[in-house]
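To start, the structure under review is shown below, and the notes come after it.
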Amino acid sequence: MSFYVTTPIYYVNAAPHLGHAYTTIAADVMARHHRQRQEEVFFLTGTDEHGEPVADAAHALGIEPQELADRNAERFKALAPQITASNDFFIRTTDPQHEAIVQEVLARVRDNGFVYEGTYEGWYCPRCADFKAENDIDEGNRCPIHHIELTREQEENYFFRLSSFQERLERLYAEREDFVAPRTRYNEALSFIRSGLRDVPLTRHKLAWGVRVPWDHEHVFYVWFDALLNYYTALSYANASEDLTERFWPASYHLIGKDILRFHAVYWPALLMAAELELPEHIFVHGYLLMQGEKMSKSLGNVLDPFAVIERFGADALRFYLLREVPFGQDGSVSTASFELRYETELANELGNLASRTIAMLVRYRDGVVPVSEVDPQLATDFAGLPARIAALVDRAELTTALEEIWQRVRRLNRYVEEQAPWRLAKADGRAEDLDRVLSTLAEGLRAVTVLLWPYLPTSAERLLGALGAPDISLAGAELGAGSVGRVSAIDSLFPKDEQAASA
Ligand code: MSP
């Protein structure tokens, strides 16, 4: 089995922000989960460096586009390890290998009869790098996304015959209802297709910053075609000793934000059909993180800055918060105040306390050695089949629901501690066996949920599994009773309360 997941490649006209971190974190959770299933995984992210948005931003700074691209690509590259993203490669669309394959694939699209010369006349948004249809324009000829005035462009272009894929795309959507998810996005893409596809410019004449069109050096490819192809080109050169295309193409999942739906759900499959390449299995569209109506938080100020959060609370806390607070696939508000609330109530009080109590009781009552005993049947029922259920949810990119399922078990284990009151058993005569059973059930339950949490909280999960002496993170081992904890060792608090904030 192989699993290939991608993020959009990020524009280098600006610095990385929370929205970029969001998609990369989600893709990382999926990649890690599939590695837990012992699958071969390839996880790609990178930067989109050509086109007008980048050229314009560079000119505004009085530098060459390449210089801006080099500068900002470094910042995006640095973001990945900061959020503990385990990407296998970082593609830059100025990589010469990428450019060469873009030229090759698009020349094939032309040889196959899907390219012709024409004149484009219409509205264009330089910030979107997108040509706007008449029905997609706000009052006063403004961009509906950026609200800036659109430019009227007239340009000799090569066109891509998108219109000739009308029927094939309709058939694709009819045959593969899971091609785009969530359903609202599937419907949105399908209704765009049904409204009638028009041909789109494949090249730009007036712009020099892009991949040269091999059959006409006065043109560069329109940035979106160059960019979309990254998902395909990366596989051929990511690994110097092996072309990975055979192993990983087509992609299992493209994760994208809702603003770039049309390019991925309509242009991209059409382009792949024109180039005779296989289509991706799934496109999953997440919503926006909304940051309005901010309430001041005690320690983070009022902007949820990913770097400030990571510095203060660690990457795990940010990863957890984003996927827990905003149902993956929908829009949702994030704020520093709700971040701190979840950190304290869920990470510190629920998971953190469960871990520290369990370890402390094992140390106090059994010298750190987990007694050999059956797992308590009441808990066994509550955990039965959990890894398979999580796998089914992650297969549909339902990352928030999967996390909720796991979290229910964290809460269940805390309830179990309260119900069984091991401190009472420890004092009572003739209850040693019961205490053995409770402590061993707790240790095993904690181990199992921690394995399931690993994709979301990799650093804390590894620390905790280390303290439990049970480093195996395979999903098969997440079944209650499938593993064993031998000797536990004490660790510092996993999610320390923010002292400074508390005293502020
Ligand atoms: N370069 C193109 C993508 C090309 S993919 C072949 C692009 N880049 S981007 O940097 O502008 O945006 C990349 C992704 O970040 C988009 O999917 C976008 O939705 C996401 N986010 C940017 N801001 C966001 C939020 N506030 N919330 C969630 N994600 C958003 O588009």
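Indexing begins at 1, ligand by ligand and atom by atom, following the structure's order. Here the structure is a predicted model, which means the values were calculated and not measured. Sequence positions, counted from 1, serve as the residue numbers for this chain.
Counting only heavy atoms of the protein, atom 27 (N) of ligand 1 lies nearest to L289 N, 2.9 Å. I260 CG2, 3.6 Å is the protein heavy atom nearest to atom 31 (O) of ligand 1. For atom 23 (N) of ligand 1, the closest non-hydrogen atom on the protein side is H17 CE1, 3.3 Å. When only non-hydrogen protein atoms are considered, atom 13 (C) of ligand 1 lies nearest to Y10 CD2, 3.5 Å.
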Donor-acceptor pairs under 3.5 angstrom involving side-chain atoms of residues 158-165: please list them, not counting sequence neighbours.
residue: Y158; atom: OH; partner: D216; partner atom: OD2; Å: 2.8
residue: R161; atom: NE; partner: G113; partner atom: O; Å: 3.3
residue: S163; atom: OG; partner: D199; partner atom: OD1; Å: 2.7
residue: S164; atom: OG; partner: R161; partner atom: O; Å: 2.9

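The contact set between ligand 1 and H20, taken as ligand atoms under 4.0 Å from a residue heavy atom, comprises 10 (O), 15 (O). The atoms of ligand 1 that sit less than 4.0 Å from any heavy atom of A227 are 6 (C). Below 4.0 Å from some heavy atom of Y288 lie the following atoms of ligand 1, by number and element: 27 (N), 28 (C).
Inspection of the Y4 and E281 side chains reveals no N or O donor paired with an N or O acceptor under 3.5 Å. A side-chain donor from one of S86 and R35 sits under 3.5 Å from a side-chain acceptor of the other.
For atom 19 (O) of ligand 1, the nearest non-hydrogen atom from the set V223, D259, V54 comes from D259. When L261, I9, L228 are ranked by how near their heavy atoms come to atom 2 (C) of ligand 1, first place goes to I9. The nearest non-hydrogen atom to atom 28 (C) of ligand 1, considering only G287, G332, G51, comes from G287. Checking A26, C128, G19 against atom 20 (C) of ligand 1, the nearest heavy atom belongs to G19.
At under 3.5 Å, a nitrogen or oxygen of G257, whether backbone or side chain, sits near a nitrogen or oxygen of ligand 1. Note: an N/O pair closer than 3.5 Å links D48 and ligand 1 by distance alone. For ligand 1, one of its N or O atoms has an N or O atom of Y11 under 3.5 Å away. Checked by distance only, ligand 1 and Y22 stay at 3.5 Å or farther apart across all their nitrogen or oxygen atoms.
Checking F179, Y186, F328 one by one against F284, the ring pair (Phe, Tyr, Trp, His ring centres under 6.0 Å) holds for a single residue, F328. A ring pair (Phe, Tyr, Trp, His ring centres under 6.0 Å) with F320 is found for one member of W454, Y456, F339, W407 and no other, namely W407.
Contact analysis puts H286 in contact with ligand 1, with a non-hydrogen atom separation below 4.0 angstrom. Ligand 1 lies out of reach of F263, whose nearest heavy atom is not under 4.0 Å from it.
By the criterion of a heavy-atom distance under 4.0 Å, neither the backbone nor the side chain of M291 is placed next to ligand 1.
Below 30°, between 30° and 60°, or above 60°: for F76 and H20 the angle between ring planes is above 60°, a perpendicular geometry. Aromatic ring orientation, F248 versus F42: tilted (interplanar angle from 30° to 60°). Using cut-offs of 30° and 60° for the angle between ring planes, the Y253 and H282 rings count as parallel.
In this view, F307 satisfies the ring pair (Phe, Tyr, Trp, His ring centres under 6.0 Å) rule with no residue, not counting sequence neighbours.
Between E278 and W249, some side-chain heavy-atom pair lies under the 4.5 Å cut-off.
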Margin query: Walk me through whether E350 and R411 qualify under side-chain contact (heavy atoms from CB on, under 4.5 Å).
Written below: CA-CA 7 Å; E350 294 181 341; R411 291 183 173 154; 3.2 Å; yes
